[in-house]
Chemist: 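First the structure, then my questions, so here it is.
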Number of protein chains: 2
Amino acid sequence: MNFSIAEENYIKAIWRLQQSDSNVTTNELSAELQTKPASVTDMLKRLKEKKILNYEPYYGVKLNTDGKKIALGIIRRHRLWEYFLVEKLKFEWDAVHVIAEELEHVSSPELIERLDHFLGFPKADPHGDPIPDSSGRMETTRHISLHQLKEQQPAVVSGVNDQSSGLPEILRQKKISIGTKVEIKQRFLFDGSLEIKIRNQPLITLSEQLAKNIFVTPL
Amino acid sequence: MNFSIAEENYIKAIWRLQQSDSNVTTNELSAELQTKPASVTDMLKRLKEKKILNYEPYYGVKLNTDGKKIALGIIRRHRLWEYFLVEKLKFEWDAVHVIAEELEHVSSPELIERLDHFLGFPKADPHGDPIPDSSGRMETTRHISLHQLKEQQPAVVSGVNDQSSGLPEILRQKKISIGTKVEIKQRFLFDGSLEIKIRNQPLITLSEQLAKNIFVTPL
DNA sequence: TTATTTTTTTAGATTTGTCTAAATTATAAT
DNA sequence: ATTATAATTTAGACAAATCTAAAAAAATAA
């Protein structure tokens, strides 16, 4: 079956919300996609017709097996293009998300297989998010946000939010990148800011906002 | 101003037809785009609103200066992507046209400038068609089809039809590629077929159909 | 030059994806 | 348990891009 760009965007959004939430509501989708709830309802009815999700009026929506497979195909295209944009075209990673959102809808399977090969079958995109293989399998790097990390618990930076711009600049300044070893030394309840230790450098301060956009894997 | 994918396809089609025809008719466009003449009329009225072409009911259409600039931007994107697909992803050139028709609508100017840089600022796409620079200028390689070449007139193959599939296979077999020196030795009026000479090889026969899809620059 | 054919446009309908406003259902609060 | 609030759906409208059928204009042929 074939999906329009609008449909693909809904599928992707449902998949993303479903990761944390299992059952996705109309309002959540409406916020995620910047459309009105009424439009979401319309689209969910159409996608239900296409048998890629379970939708019960008033009770939210969930992708079925087919729907998840389609979603992972879109994610795969998105992340491969992001990798291409950063590795080959030398974009900063905060600039690539918007462009990849367009490229991901180009629908030639052979294009994607060749792109994957050209890029050397990367396992993760520039934000640290895993790239599904052609059959939809991907590493489940279960990372949490640095904000959720326990104090004194060593961890490695494994990703950053792929939607937020301006992140590379501040991370460069703070000398944080994917792979950096970090540990929370102190947490201020007043503003949620953190004092963290990086290798043998002096303590640095991160705002709550920043810590929420950095993902880590505890060691 | 911003154009939809449908609008861009019309602009590109008008530009292409305008090359040989100056004044483009509704029916020509309808044939080129595989739509009904009535749909063409509708779209021409909308594009006239946007002031990128001159359209007089019953008297055809012509892109104005702005329209040509937009068209050349689309052509630029198309041809750069074709070059990428062949040179980097190792597609055969008859496979790339359809994919490039999708990629050409991805609308980030910075993407295209970086892609151009990454590819080394190529002057022509894999079919020999010149790539406009970022301000819309391009080499006017005035090539003619091999079918139109005069007998005994030496020429160099400078391009092939970018829309026809199966061409690389037959050209590989006949040992013809861009840059090959050719000369027509004999033309048969019966079926339009040609006997041509390539370097120091024995004469080979090309069908009229094939000769019409090969472009040459007379020497 | 008049009639016929072809081309083009107009009128009205359809699909996709969106919206607003109103109605309905579910959830939370008293 | 009833009411108020919040979430969701329905109904009806709209813009973009297409279509069919009919009307109008231009080109061609008798």
Side-chain angles (χ1 to χ4, degrees), chain A residues 1-15 17-18 20-63 67 70-71 74 101-102 104-107, chain B residues 1-14 17-18 20-63 67 70-71 74 101-102 104-105 107:
Chain A
M1 206 176 304
N2 236 30
F3 296 91
S4 70
I5 291 175
E7 287 172 334
E8 287 194 347
N9 285 333
Y10 273 87
I11 295 167
K12 198 172 40 135
I14 296 166
W15 187 87
L17 295 171
Q18 190 167 293
S20 42
D21 219 2
S22 169
N23 209 54
V24 180
T25 70
T26 302
N27 262 8
E28 283 167 354
L29 269 171
S30 139
E32 180 82 9
L33 291 162
Q34 313 266 59
T35 59
K36 301 292 158 181
S39 311
V40 174
T41 302
D42 287 349
M43 181 60 95
L44 292 182
K45 282 194 276 186
R46 259 175 283 149
L47 291 177
K48 187 181 182 171
E49 291 284 299
K50 296 201 171 187
K51 298 185 194 302
I52 61 164
L53 45 76
N54 304 320
Y55 163 60
E56 277 314 313
Y58 297 103
Y59 289 95
V61 67
K62 216 188 246 207
L63 293 175
I70 294 158
I74 304 167
E101 298 239 77
E102 288 196 63
E104 75 193 7
H105 301 297
V106 174
S107 64
Chain B
M1 200 176 305
N2 236 28
F3 297 91
S4 69
I5 291 175
E7 287 172 335
E8 288 194 346
N9 285 333
Y10 274 87
I11 295 166
K12 201 174 35 134
I14 296 166
L17 293 171
Q18 191 167 289
S20 41
D21 220 2
S22 170
N23 209 55
V24 180
T25 69
T26 303
N27 263 8
E28 281 167 356
L29 270 170
S30 139
E32 180 82 10
L33 291 161
Q34 312 266 58
T35 60
K36 301 292 158 180
S39 311
V40 174
T41 302
D42 288 348
M43 181 58 96
L44 292 181
K45 283 194 276 187
R46 259 175 283 151
L47 291 177
K48 187 182 183 170
E49 291 285 297
K50 296 202 170 185
K51 297 185 196 302
I52 61 164
L53 46 76
N54 303 320
Y55 163 60
E56 279 313 316
Y58 295 104
Y59 288 94
V61 67
K62 217 189 248 205
L63 293 175
I70 295 157
I74 303 166
E101 298 239 77
E102 287 197 65
E104 74 192 6
H105 301 297
S107 64

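So that the names make sense, note that chain A is the first sequence line, chain B the second, and so on, each numbered from 1.
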Chemist: Measure the distance from OH on A/Tyr58 to P on D/dT5 and round it to the nearest whole Å.
Modeler: 19 Å
Chemist: Let me know, please, whether A/Ile5 or A/Tyr59 comes out on the 5' side of the other along DNA chain C by nearest nucleotide.
Modeler: A/Ile5
Chemist: When the distance from CE of B/Met43 to P of D/dC19 is rounded to whole Å, what number comes out?
Modeler: 11 Å
Chemist: Would one find a side-chain N or O of B/Thr41 under 4.0 angstrom from OP1 or OP2 of C/dT10?
Modeler: no
Chemist: Expressed as a whole number of angstroms, how long is the span from B/Lys36:NZ to C/dT6:P?
Modeler: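 Spelled out: NZ on B/Lys36 to P on C/dT6 is 17 Å.
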Chemist: Please state how far atom CG in A/Leu44 lies from atom C1' in C/dG17, giving the value in whole angstrom units.
Modeler: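 In whole Å, C/dG17 C1' and A/Leu44 CG are 13 Å from each other.
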Chemist: Any side-chain N or O of B/Arg46 under 4.0 Å from OP1/OP2 of D/dA17?
Modeler: yes
Chemist: If the cut-off is 4.0 Å, is B/Tyr10 near the phosphate of D/dA16, judged by side-chain N/O to OP1 or OP2?
Modeler: no
Chemist: Using a cut-off of less than 4.0 Å, is there contact between a side-chain N or O of B/Ser39 and OP1 or OP2 of D/dT18?
Modeler: no
Chemist: Using whole Å, what does the distance between atom C1' of nucleotide C/dT8 and atom CG of B/Leu29 come to?
Modeler: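 Going from CG in B/Leu29 over to C1' in C/dT8 covers 12 Å.
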Chemist: Counting C-beta onward and ignoring hydrogens, is there a side-chain heavy-atom pair between B/Ile74 and B/Phe3 closer than 4.5 Å?
Modeler: no
Chemist: Examine D/dA7: is either OP1 or OP2 under 4.0 Å from a nitrogen or oxygen in the side chain of A/Thr25? Give yes or no.
Modeler: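 No.
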Chemist: Compare all side-chain heavy atoms of A/Leu44 with those of A/Ile14 and state whether any distance is below 4.5 angstrom.
Modeler: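 The answer is yes, as the side chains (C-beta and beyond) meet within the 4.5 Å cut-off.
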Chemist: Would you mind reading off the distance between B/Phe3 atom CZ and D/dA17 atom P, rounded to a whole angstrom?
Modeler: 11 Å
Chemist: Counting side-chain heavy atoms from C-beta on, which of C/dT18, D/dT18, C/dG17 comes nearest to A/Glu7?
Modeler: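 Among C/dT18, D/dT18, C/dG17, the one nearest the side chain of A/Glu7 is C/dG17.
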Chemist: Assign A/Ala38 to base, sugar-phosphate, or nothing according to its heavy-atom contacts below 4.0 angstrom with the strands shown.
Modeler: base
Chemist: Answer yes or no: does a side-chain N or O of A/Asn27 lie under 4.0 Å from OP1 or OP2 of D/dA6?
Modeler: no
Chemist: Between B/Asn23 and B/Tyr59 (side chain of the first, backbone of the second, donor and acceptor by atom type, cut-off under 3.5 Å), is there such a pair?
Modeler: yes
Chemist: B/Lys48 NZ to C/dT8 C1': how many Å, rounded?
Modeler: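 Between C1' of C/dT8 and NZ of B/Lys48: 15 Å.
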Chemist: Starting at the 5' end of DNA chain C and moving along, which residue's nearest nucleotide shows up first, A/Thr35 or B/Lys45?
Modeler: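 Its nucleotide being nearer the 5' end, the pick is B/Lys45.
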Chemist: Measure the shortest side-chain to side-chain distance between A/Tyr55 and A/Leu47 over non-hydrogen atoms and say whether it is less than 4.5 angstrom.
Modeler: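 A side-chain contact is absent here, since even the closest heavy-atom pair is not under 4.5 Å.
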Chemist: Base, sugar-phosphate or nothing for B/Pro57? Non-hydrogen atoms, less than 4.0 Å.
Modeler: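 Sugar-phosphate, no base atom in range.
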Chemist: Less than 4.0 angstrom between a side-chain N/O of B/Tyr55 and OP1 or OP2 of C/dT9, yes or no?
Modeler: yes
Chemist: Distance check needed: D/dT18 P versus B/Asp42 CG, whole Å only.
Modeler: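 Checked: the CG to P distance equals 9 Å.
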Chemist: Is there side-chain contact between B/Asn9 and B/Lys12, with at least one heavy-atom pair below 4.5 Å?
Modeler: yes
